Amino acid sequence: MLKIATWNVNSVKARKERLLSWLQREMPDVLSLQELKVEADGFPLAEVQDAGYQAVLNAQKTYNGVALLAKRELLDGQSGFGDAVEDTQARHVEATVCGLRVLSVYAPNGGDGAGDKWTYKLAWLDRLLAYLERTHDPRAPLLLCGDLNIAPDDKDVARPDAWKHTVLCRPEVRDAFARLLAWGLSDVMRAHHPEGGPYTWWDYRMLGFQKGNGLRIDHILATLPLAAACTSAGVDRNERKGTQPSDHAPVYALFDWPKSA
DNA sequence: ATGGTTGCTTAGCAA
């Protein structure tokens with residue numbers, strides 16, 4: 001059994017104690033992190049290693065930054081799509097663990113949906129798909145984990161009318177999500193929660209969590225050989241409570257898959 | 001329509 005999780009921690013510095021205690025309590029085999037917001041030397045590597053984890057980082061100062069943590073060896077770490085685009089934002093890292101290729105991604109938010117940030121988001125999602133098509137095989141065991149900044153369906157939004165025209169819900173990004181699935185990825189959360197949700201993010205503004213104004217924008221997508229082995233999936237909603245929470249809760253999925261693979 | 005909160009950086013941006 002493999003436990004895979006993904007968590008946008010919204011600053012690994014601000015979330016260090018929460019991250020370490022969550023790791024020790026939940027002991028996922030693999031944890032995908034987003035929004036580290038620190039350079040590599042600001043990442044709490046020694047503490048993470050003390051907790052029994054290896055790490056592969058694509059770190060960046062102030063914004064973005066992604067990582068993969070794992071109890072087993074992380075092999076062949078790689079960052080960035082290696083395409084023709086000049087991109088300074090750290091939004092992708094991947095590695096092989098337990099025979100799986102695992103990607104941790106932080107998709108652009110898209111801002112107000114009018115300017116450069118929106119153009120960049122749509123282009124980045126296109127580049128992600130092109131990268132998968134170019135470098136990966138959907139018949140192989142692969143996991144795409146992270147904050148895609150897409151709520152795939154109105155069922156994934158507590159108040160769909162309020163969010164309908166935003167960058168998280170517009171048809172363009174829902175189409176990008178659908179194209180990832182068409183390539184060969186399966187939304188394991190949807191498979192185990194066909195009713196929609198559970199939500200993974202609540203805006204700090206407007207006291208989103210307190211008002212139940214959530215969306216499902218963090219995802220674990222699996223190619224078919226792995227999706228078939230997924231036995232359950234959920235969101236650790238409690239981690240959004242208490243003092244100094246991230247605005248995202250951890251998302252996890254269990255797979256009937258050998259750790260030794 | 002606007003506002004509300006948090007984090008990084010230090011007044012303004014990003015989410």
Side-chain angles (χ1 to χ4, degrees), chain A residues 6-22 32-45 47-48 57-67 87-93 104-125 128 145-152 156-170 172-174 176-177 199-219 235-251:
Chain A
T6 185
W7 191 9
N8 180 327
V9 289
N10 185 17
S11 168
V12 74
K13 212 173 274 181
R15 227 63 62 200
K16 186 171 100 169
E17 294 311 319
R18 273 191 181 256
L19 170 63
L20 293 171
S21 59
W22 192 82
S32 151
L33 295 171
Q34 296 84 39
E35 285 208 85
L36 304 178
K37 296 187 173 182
V38 291
E39 305 251 39
D41 61 7
F43 186 86
L45 186 60
E47 293 92 332
V48 161
L57 309 180
N58 181 11
Q60 175 179 358
K61 191 182 173 187
T62 311
Y63 301 120
N64 312 312
V66 290
D87 192 342
T88 58
Q89 303 191 28
R91 298 183 174 275
H92 158 248
V93 68
S104 174
V105 299
Y106 174 47
N109 173 281
D112 62 6
D116 291 349
K117 288 183 198 155
W118 174 237
T119 310
Y120 173 64
K121 178 178 193 172
L122 297 181
W124 190 92
L125 290 168
L128 170 61
C145 301
D147 178 0
L148 290 178
N149 269 313
I150 302 170
D156 301 307
V157 185
R159 298 174 195 174
D161 287 344
W163 291 91
K164 179 156 59 171
H165 301 295
T166 72
V167 292
L168 304 181
C169 295
R170 283 195 190 172
E172 294 94 323
V173 297
R174 286 182 171 172
F177 189 89
Y199 308 135
T200 68
W201 172 79
W202 298 260
D203 202 336
Y204 287 132
R205 296 167 290 187
M206 302 175 290
L207 300 176
F209 187 72
Q210 294 83 336
K211 297 180 183 174
N213 191 2
L215 296 87
R216 185 173 75 100
I217 61 174
D218 301 89
H219 302 282
V235 173
D236 188 354
R237 209 171 173 284
N238 280 330
E239 197 54 49
R240 184 61 177 79
K241 301 177 181 172
T243 56
Q244 280 200 293
S246 169
D247 44 353
H248 298 251
V251 175

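Everything numeric in this text was worked out from a predicted model, so none of it was measured. Letters A, B, ... are given to chains in the order of the sequence lines, protein chains preceding strands, and every chain is numbered from 1.
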So, A:S246 versus A:E239: side-chain donor-acceptor pair below 3.5 Å or not?
no
So side chain to side chain donor-acceptor pair (under 3.5 Å) across residues 202-214 of chain A, not counting sequence neighbours, yields A:N10-A:Y204, A:W163-A:N213, A:D203-A:R205
Just checking, is any N or O donor in the side chain of A:S32 or A:Q34 under 3.5 Å from an acceptor N or O on the other one?
yes
What's A:F209 touching, base or sugar-phosphate or nothing? Going by heavy atoms closer than 4.0 Å.
nothing
Taking atom C1' in both B:dA11 and B:dT6, what distance in whole Å separates the two?
16 Å
Is a side-chain donor or acceptor of A:N58 paired with a backbone partner of A:H92 at a separation under 3.5 angstrom?
yes
Is it possible for you to check whether A:R18 lies under 6.0 Å from the centre of the six-membered ring of A:W7, through NZ or CZ, and within 45° of that ring's axis?
no
Atom C1', compared across B:dT9 and B:dA14: separation rounded to whole Å
12 Å
For B:dA1 versus B:dC13, give the span between their P atoms, rounded off to a whole number of Å.
23 Å
Could you check A:L207 against A:K61 and say which one's nearest nucleotide on DNA chain B is further toward the 5' end?
A:L207
Check every nucleotide of DNA chain B for an atom under 4.0 Å from a heavy-atom of chain A, then give the first and the last such nucleotide from 5' to 3'.
B:dG3 to B:dA15
Sticking with atom C1', work out how far B:dG7 lies from B:dT2, rounded to a whole angstrom.
23 Å
Between B:dC8 and B:dG3, how far is it from one P atom to the other, in whole Å?
25 Å
Comparing A:T62 with A:D247, nearest DNA chain B nucleotide closer to 5' gives the residue A:T62
Sidechain-backbone polar pair: A:R174 side chain, A:C169 backbone, donor-acceptor under 3.5 Å:
yes
